[in-house]
Amino acid sequence: MRSALAALAALALVSCASTIDPGPVSELPGAVALGDATWLVPGGFEPGRSPDGNSVILRGTAGAVLVDTGRHASHSESVDRALGALDLPLAAIVNTHWHLDHVSGNLPLKAAHPDARVYGTSAIDGALTGFLATSAAVSRKALAAGRIPAAALPDVEGDLETIARGPELQPDIVIDTPHDIVFAGRALSVRIARHAATERDLWIYDAAARRAIVGDLVTLPVPFLDTACPEGWLEALGDVARSGAKQIVPGHGPVMDRHGFARWHVAFRDFIACARGTGTLESCSAGWVSGAAEWIGQDGARATAMADHYGELIRSKKLDGYCRA
Ligand SMILES: [Zn+2]
């Protein structure tokens with residue numbers, strides 16, 4: 001499987017930025033048209049539930065490319081409806097990282113589109129034996145003790161089923177280093193951040209559209225730091241800022257222009273610096289909620305509670321293990 005990459009790279013290197021064929025379809029049901037034959041299927045984060053990450057559909061001349069597949073069946077069904085309106089085969093699923101809110105939908109979507117090839121990093125190996133195994137053990141214990149609220153039961157059980165099928169998530173084509181690749185006629189630059197939001201985060205720069213699809217390098221209502229190296233994440237954000245992108249598609253939350261992204265970046269940097277410092281964690285959370293207020297809106301109470309949790313994770317140095325090579 002992994003030896004396929006060399007052959008793929010040799011075939012698919014892109015020598016220069018290409019133009020994008022707009023195609024016959026501009027609107028897809030349940031999706032937000034971003035222009036340049038690109039659509040966002042927004043994720044969600046209902047109170048008391050687990051989130052779905054955003055999915056992005058790109059049209060190539062010979063097929064569709066899907067970035068991330070969400071967690072819940074409702075999300076992957078929305079993606080599939082949008083894909084259906086494109087009337088092109090699903091050629092590629094690209095996973096930005098191995099959190100379940102971005103990859104659980106791989107299973108139903110691959111079943112519906114057996115010719116689609118899955119692209120992702122080898123960090124699946126560490127995910128399966130590391131945080132996914134740990135999460136399953138914690139969930140099983142909490143289930144046995146009756147400590148899962150009724151509203152959260154379907155999510156917990158669904159995640160356990162996905163983790164049990166974890167080996168099926170393995171990518172068909174592993175990408176661990178930056179590559180320019182033509183997916184079904186669509187030229188994209190795949191970038192890799194090491195030790196950022198996860199052990200390896202894949203993000204995409206679409207040079208022809210000047211758009212960066214960054215997965216969980218940008219999240220709302222807070223930075224989801226569960227498996228993150230904060231300093232590595234900051235470095236990756238610097239790479240995104242230098243990419244030339246005019247538009248940034250986050251893993252969670254609305255699309256940003258480069259000025260919005262710069263403001264999010266500052267709020268993130270300040271939150272990490274505060275949590276690494278000696279002031280109160282409450283002041284760090286307040287700083288985050290103020291810096292990201294334009295996106296958080298009415299969600300301030302939840303954002304504050306989550307920022308408190310992640311601030312504590314940073315200050316306790318529990319995340320530092322994710323920074324080791
Ligand atoms: Zn996510």
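Both ligands and their constituent atoms are indexed starting at 1 by order of listing.
- In this structure the side chain of H102 reaches within 4.5 angstrom of the side chain of H252, judged on heavy atoms.
- Residue contact annotation: H252 places an N/O/S atom under 2.8 Å from the Zn ion (ligand 1).
- No option in T227, D68, D216 other than D216 meets the side chain to side chain donor-acceptor pair (under 3.5 Å) test with H97.
- Each disulfide bond (SG atoms under 2.5 Å apart) pair with one or both residues in residues 184-248, not counting sequence neighbours, appears once here: C229-C323.
- Nearest N, O or S atom of H102 to the Zn ion (ligand 1): atom NE2.
- Pairs of residues two or more places apart, or lying in two chains, never qualify as side chain to side chain donor-acceptor pair (under 3.5 Å) while including a residue from residues 139-153.
- Summary: OD2 is the N/O/S atom of D101 found nearest to the Zn ion (ligand 1).
- D216 contributes OD2 as its N, O or S atom closest to the Zn ion (ligand 1).
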